[in-house]
Each structure stands twice: as structure tokens, then as C-alpha cells.
2 protein chains.
Amino acid sequence: MRKVLQKYGRRGFKMTPQRIAILEYLEGSDNHPSAEDIFRDVKKRYPTVSFATVYNTIEALKKRKEIVEITIDPERKHYEPNINPHHHIVCIICKKIGDVFADYSTALRLPAEVEQEFIATGNHVHFFGICKNCRS
Amino acid sequence: MRKVLQKYGRRGFKMTPQRIAILEYLEGSDNHPSAEDIFRDVKKRYPTVSFATVYNTIEALKKRKEIVEITIDPERKHYEPNINPHHHIVCIICKKIGDVFADYSTALRLPAEVEQEFIATGNHVHFFGICKNCRS
DNA sequence: GTCCATGCAAACGATTTGCAGAGTT
DNA sequence: AACTCTGCAAATCGTTTGCATGGAC
């Protein structure tokens, strides 16, 4: 809520109750929800919300660079409100996604052969591991 | 073909013509095809192949760890025959995927806060950039 | 005959789209 | 009225599954 709710008083992006609920859910915890996660949560307060609204809002927020789409789960897309570039770690058991704030850029040099083919403009590290909960 | 075709003479994994075609395509170039890419290519030689066969074969090969599924394209899964752990770079224009053989493990240390939550067991770096072709 | 791969078609799950109705200005 | 968001339903796309047929041992 905070950030985005302030930013868009009303202009260009209408702050409807559903959208507020979506933003609050997205910014309310350190989760990385899928569209369905968002849908389920918003439905608690607005039992008539539709997937169309959720996806519409996601699309509008992506376009405005207020949220980021994460491609880390082969089955579905996930979203997060944290715009600062960072990395992720995924529990291989429960699939929980954690944030990793660190800048590895200086270490992540491309091998020479690859540099002949590509100019790198960014990077994202996907760690996998086991979370505290799943260690038992 | 080489590797896998030799390995499985016939036992446990039947080398049918369709499977040979799939393996040849997978190992024949440094591509990272999607199921549909594979399907289209095999169809050239076997016009009656079905997606079921392609997906069945992919599944069987994944289970035997002969190919790896890549989660880097939000729209579809990609596969590659190179089992050695390595990283990837994706052209943000044409989506071409390149291999990056480098071991960044020593540099990729998790921040202390994250280590309290997760034990890392692996990593994969997803570079993005622009390929030679798309520079024009 | 047994086993297992094939190929067709139907099913499925995630996401997208068309559109009529509503809310806001 | 103009604009745009909502919610329903239908459509789409990638992937999976059920099942009858068919080839290899």
C-alpha cells in the first residue's frame, strides 16, 4: 500500500477497492504470490472479484513498473512489489521464495566466448535450497 | 544422439525412431528448444508424431537425468541435453538462450540473514543481454 | 502374450480476451 | 457523456492424461 497508494492519488491509475486490496496484499508481507494467491486473498474481502480484475491490475502495475514478474516457478508466474533489483532463493521442498539482497555483479563476469555472442545487461541469481521449516 | 543413444542400447528405454529424432534434435545444436520446437522438428521426419510422444519422451529423459528443464522463459519450458551444471544468458530481444559455463559458487555467498532461513544447495545465474544478431 | 511406446482426442490449469454493466468525473 | 474498471464467460495456450492400437521381444 504505502508506496504505490501514495504515488497514484487517482491520476492515470484508478485506486479502486479491489486494487487497494491487491496492493495491500502484495506489499503486506515478504511473499511472492502467484495470481491465484492474490485472487484468493482479495476474495476474502471482495468475494466477487474476478481473475480478470487481478490480471488486469497485475498488468497495469507491471506496465508502471510497480511490481515485478518472477520467472522461477515452472508452473506459474509470481509477483512481488520490491522493485530494487535483487535475487531469490527457492526451497526445493515447499517452493517458498525468499529474497536475497546482494550485488554479485562484479563477480558475475561472462566468459570470453560468451561475450562474443552477447552483451550482458543484467543478471539474476536463482538459489535453491531448503528452508528452515522444511529442515525437520 | 551420441551420448544417450549409446547408453541405452535398448534396455529400460526403448529407442524408437521418434525418440531418436528427438534426441538428435536436442543434441544436434546448442539450442534450448521448447516442446513445440521439438515437436515441429520431429514432425519433419515423422509427420504423424504427437505432442503426447514428445512430452512422454521429455518426461522419460528428465526422469533419467538425460535432459534438464530450464525455467527462464515465462511462457514455456525449455529443455537442453547438457547435464553439466551451467548458467544461461537470454537475449531480451529475440529470446535466444546461450550457455554460460562458469563456476560462480564461491562468489555467490548468501547474506547472513538469508542463511538463517535457508541452506543453499545450488544456484543458477540467469543473465540477460543482447545477442549479436539483435545488435543491428 | 506381455510390455511399453504411439497418436488421437479430451481434459486441465494458467492466463487472456470480449463485452455488457457500473462507478466516477 | 466519456472514461475506465469490474466481473462474468468464453477463448487460448502450454501441458497432461486416458485409452485404443500396434510393434518388439
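Note that this is a predicted model, so its numbers are computed, not measured.
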Q) What pairs meet the salt bridge (Lys or Arg N to Asp or Glu O under 4.0 Å) rule with one or both residues in residues 106-115 of chain A, with sequence neighbours excluded? A) none
Q | Set of residues satisfying ring-ring contact (aromatic ring centres under 6.0 Å, His included) with respect to A:H87, sequence neighbours excluded | A | A:Y104, A:H124
Rounded to the Å, how far apart are [X] [atom1] and [N] [atom2]?
X: A:M15; N: C:dT25; atom1: CE; atom2: P; answer: 14 Å
X: A:E59; N: C:dG18; atom1: CD; atom2: P; answer: 14 Å
X: B:I20; N: D:dA24; atom1: CD1; atom2: P; answer: 12 Å
X: B:D73; N: C:dA14; atom1: CG; atom2: P; answer: 18 Å
X: A:I72; N: C:dA14; atom1: CD1; atom2: C1'; answer: 18 Å
X: A:I22; N: D:dT6; atom1: CD1; atom2: P; answer: 7 Å

Listed by chain and number, what are the side-chain hydrogen bond (donor to acceptor under 3.5 Å, both in side chains) partners of [X], not counting sequence neighbours?
X: A:T121; result: none
X: A:R40; result: A:D37
X: A:K95; result: none
X: B:K63; result: none

**Q.** Divergence of helical axes at both termini of the helix from C:dG1-D:dC25 to C:dA14-D:dT12 - five pairs an end, 10° steps
**A.** 10°
Q: List, by chain and then residue number, the residues other than A:V90 in its hydrophobic cluster (Ile/Leu/Val/Met/Phe/Trp/Tyr, side-chain heavy atoms under 4.5 Å); write none if there are no others.
A: A:I70, A:I72, A:I97
Write out a two-atom table: protein N or O, nucleotide N or O from nucleotides 10-14 of chain D, distance below 3.5 Å.
unit_1, atom_1, unit_2, atom_2, d
D:dG14, OP1, B:R76, NH2, 2.6

Q.
For A:F13, does the six-membered ring have the charged nitrogen or CZ of A:R64 within the cation-pi criterion, i.e. under 6.0 angstrom from the centroid and within 45° of the normal?
A.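 A:R64 over A:F13 ring: no.
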Which donor-acceptor pairs under 3.5 Å do the side chains of residues 125-136 of chain A make with protein atoms, sequence neighbours left out?
unit_1, atom_1, unit_2, atom_2, d
A:R135, NH2, B:E117, O, 3.2
A:S136, OG, A:N133, O, 2.9

Q: Decide, yes or no, whether a salt bridge links A:E24 with A:R19 under the criterion of side-chain N to carboxylate O below 4.0 Å.
A: no
Q: For nucleotides 3-10 of chain C, just jot down a letter per nucleotide in 5' to 3' order: B, S or -, based on protein non-hydrogen atoms under 4.0 Å.
A: BSSBBB--
Could you tabulate the donor-acceptor pairs under 3.5 Å formed by side-chain atoms of residues 51-60 of chain A, not counting sequence neighbours?
unit_1, atom_1, unit_2, atom_2, d
A:T53, OG1, A:S50, OG, 3.3
A:N56, ND2, A:A52, O, 3.3
A:T57, OG1, A:T53, O, 2.8

